[in-house]
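The structure appears right after this line, and notes come after that.
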Amino acid sequence: MKKKVNMNFGSPVFFTVLFFLISFLPLPLNGQTDGRKLLEDVKRNFEQVKDYRADMDIRVDINMIKVPDTKVKLLFKAPDKMRIVSDNFAMLPKEGLNFSPSTILKGDNSIIFEKEEIHAGTRIGIVKVIPLGGASDIVLSTVKVDMERLLILQVESTTRTKGTFVIDMDYNKSLTPFPLPSKMSFKFDMSRQSVMQGFGNDQSPKKENEKKNKRKPSEGTIKITYSGYVVNKGIPDSEFIEKEEKK
């Protein structure tokens, strides 16, 4: 006959057993994994940047056209003023170049924290952002966030009219202590973008590849390296007024 054990729920033994059991249970995600709060914290971290100037080295990789490497200057002023200064630079997908954390939270949206992952010791939160109301061209964005540094590492967005584009960002504190990227990679559906015009003198399709690539989906990649950051020194609004090209 088994002896019945009476456990005093206020005894130290009970709490020891309870702690032992809880330590082996899967715990729910904590409050920091609230998707909207996480993105709001990222936005707040970026808001310390009031304005900046930077040099950009741009390399365009599109298998159908030859595009020379380009150097331009980028000007930004909060909340959303941006200008690219160059004599021979033209069109690029604006979703990549004028990206900031505030663009993700713009308008009405549904935000869902999907999961947390660990990569190379870095806690990465994955957040889904679904714009509501149908006004946005973006249908869904998947955002990867460095949860310790509050930096966006990747954004993958599916759009109604421009296919899917992916933005990857790297950061280097030795370049700038502010939450600004040192490198950016922008991948996009080249067939949906008007990037085949204005990259310089040599922009014609490569004849030997034109027929071969005609029916194949083509992915374009733009790689940007930043340097020469000048942050929060003040930029007058007049510098964001486009000057007419001299003829």
Side-chain angles (χ1 to χ4, degrees), residues 39-40 42-60 67-109 129 131 135-138 141 143 150-152 155 157 159 161-162 165 167-172 175-188 192-201 203 220-247:
L39 293 184
E40 288 284 0
V42 171
K43 178 185 175 183
R44 195 174 299 111
N45 183 41
F46 183 78
E47 285 174 349
Q48 63 183 293
V49 177
K50 308 303 179 184
D51 59 69
Y52 68 85
R53 304 171 187 267
D55 297 320
M56 298 194 304
D57 291 334
I58 301 177
R59 174 169 293 183
V60 180
V67 181
D69 293 350
T70 309
K71 295 181 181 291
V72 304
K73 291 185 179 295
L74 174 67
L75 280 66
F76 170 85
K77 185 174 183 179
D80 57 6
K81 285 187 172 66
M82 187 195 74
R83 185 184 172 202
I84 295 172
V85 181
S86 176
D87 294 333
N88 59 357
F89 185 74
M91 300 177 67
L92 282 177
K94 65 179 182 179
E95 290 89 350
L97 295 182
N98 67 354
F99 174 80
S100 74
S102 60
T103 61
I104 296 177
L105 294 169
K106 190 175 182 179
D108 295 330
N109 46 58
V129 181
S136 173
D137 188 48
I138 295 177
S141 291
V143 186
L150 296 177
L151 298 172
I152 291 179
V155 179
S157 295
T159 70
T161 62
K162 299 177 183 176
F165 63 85
I167 302 172
D168 288 287
M169 284 169 282
D170 293 327
Y171 301 85
N172 186 343
L175 179 63
T176 175
F178 292 94
L180 294 167
S182 57
K183 293 182 180 180
M184 177 186 289
S185 174
F186 182 72
K187 296 179 182 178
F188 57 95
R192 304 284 192 97
Q193 300 283 351
S194 56
V195 296
M196 296 180 67
Q197 301 176 3
F199 279 111
N201 295 327
Q203 53 185 319
T221 302
I222 299 171
K223 294 183 179 180
I224 302 174
T225 301
Y226 296 82
S227 62
Y229 272 115
V230 178
V231 185
N232 293 346
K233 298 300 183 181
I235 303 177
D237 290 342
S238 59
E239 291 202 42
F240 293 90
I241 300 174
E242 298 289 343
K243 305 291 191 301
E244 288 188 2
E245 295 183 2
K246 295 181 180 180
K247 296 183 179 180

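Only a predicted model underlies this, so the values are computations on that prediction, with no experimental measurement involved.
Contact of the Val129 side chain with the Val143 side chain is registered, since non-hydrogen atoms from C-beta on lie closer than 4.5 Å. Using a 4.5 Å heavy-atom cutoff, the side chains of Val72 and Asp57 are not in contact. Proximity of Ile224 to Phe186: side-chain heavy atoms (C-beta onward) are nowhere separated by under 4.5 Å. Met169 places none of its side-chain heavy atoms less than 4.5 Å from the side chain of Leu151. Contact of the Tyr226 side chain with the Leu74 side chain is registered, since non-hydrogen atoms from C-beta on lie closer than 4.5 Å.
To the nearest 0.5 Å, atoms CG (Asp69) and CD1 (Ile58) are separated by 9.5 Å. Between atom OG1 of residue Thr103 and atom CD1 of residue Ile138 there is a gap of 7.5 Å, rounded to the nearest 0.5 Å. If you take CZ on Phe240 and CZ on Arg83, they are separated by 9.0 Å, rounding to the nearest 0.5 Å. Here CD1 of Ile222 is found 4.0 Å from CZ of Phe188. Values are rounded to the nearest 0.5 Å. The distance from atom NZ of Lys233 to atom CG of Asp51, rounded to the nearest 0.5 Å, is 10.0 Å. One finds the NZ atom of Lys183 at 5.5 Å from the OG1 atom of Thr225 (value rounded to the nearest 0.5 Å).
Without hydrogens or angle criteria, Asp168 side chain to Lys187 main chain gives no donor-acceptor distance under 3.5 Å. In this structure a side-chain-to-backbone donor-acceptor pair under 3.5 Å is missing from Asn172 to Ser182.
A ring-centre distance under 6.0 Å is not found for Phe178 and Tyr52.
In this view, Lys50 satisfies the salt bridge (Lys or Arg N to Asp or Glu O under 4.0 Å) rule with no residue, not counting sequence neighbours. Scored by the salt bridge (Lys or Arg N to Asp or Glu O under 4.0 Å) test, Lys77 finds Asp237 as partners (sequence neighbours excluded). Checked against side-chain contact (heavy atoms from CB on, under 4.5 Å), Glu47 has the following partners two or more places apart in sequence or in another chain: Lys43, Arg44. With sequence neighbours excluded, the residues forming a side-chain contact (heavy atoms from CB on, under 4.5 Å) with Lys223 are Ser185, Thr221, listed by chain and number. Remark: Asp170 pairs with no residue by the side-chain hydrogen bond (donor to acceptor under 3.5 Å, both in side chains) rule, at least two apart or across chains. Residues passing the salt bridge (Lys or Arg N to Asp or Glu O under 4.0 Å) test with Asp80, sequence neighbours excluded: none.
Classification of Glu239 and Lys73 as a salt-bridged pair fails, no side-chain N sitting under 4.0 Å from a carboxylate O.
The two residues Pro131 and Asn109 make their nearest non-hydrogen contact at CA-CB, 4.0 Å. Shown here for Gly228 and Asp55, the closest heavy-atom pair between the two residues is CA-OD2, 4.3 Å. Nearest heavy-atom pair, Leu175 versus Ser227, reported as atom, atom and distance to 0.1 Å: CD1-CA, 4.1 Å. Between Leu150 and Asn45, the shortest heavy-atom contact is O-ND2, 3.2 Å. Residues Val49 and Ala78 share a closest heavy-atom pair of O-CB, 4.1 Å.
One side chain, Ser100 or Ser102, offers a donor N or O that lies under 3.5 Å from an acceptor on the other.
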Next item on the list: Could you check Leu75 against Met82 for side chain to side chain contact (heavy atoms under 4.5 Å, CB included), going step by step and ending with a plain yes or no?
Entry: CA-CA 5 Å; Leu75 280 66; Met82 187 195 74; over 6 Å; no

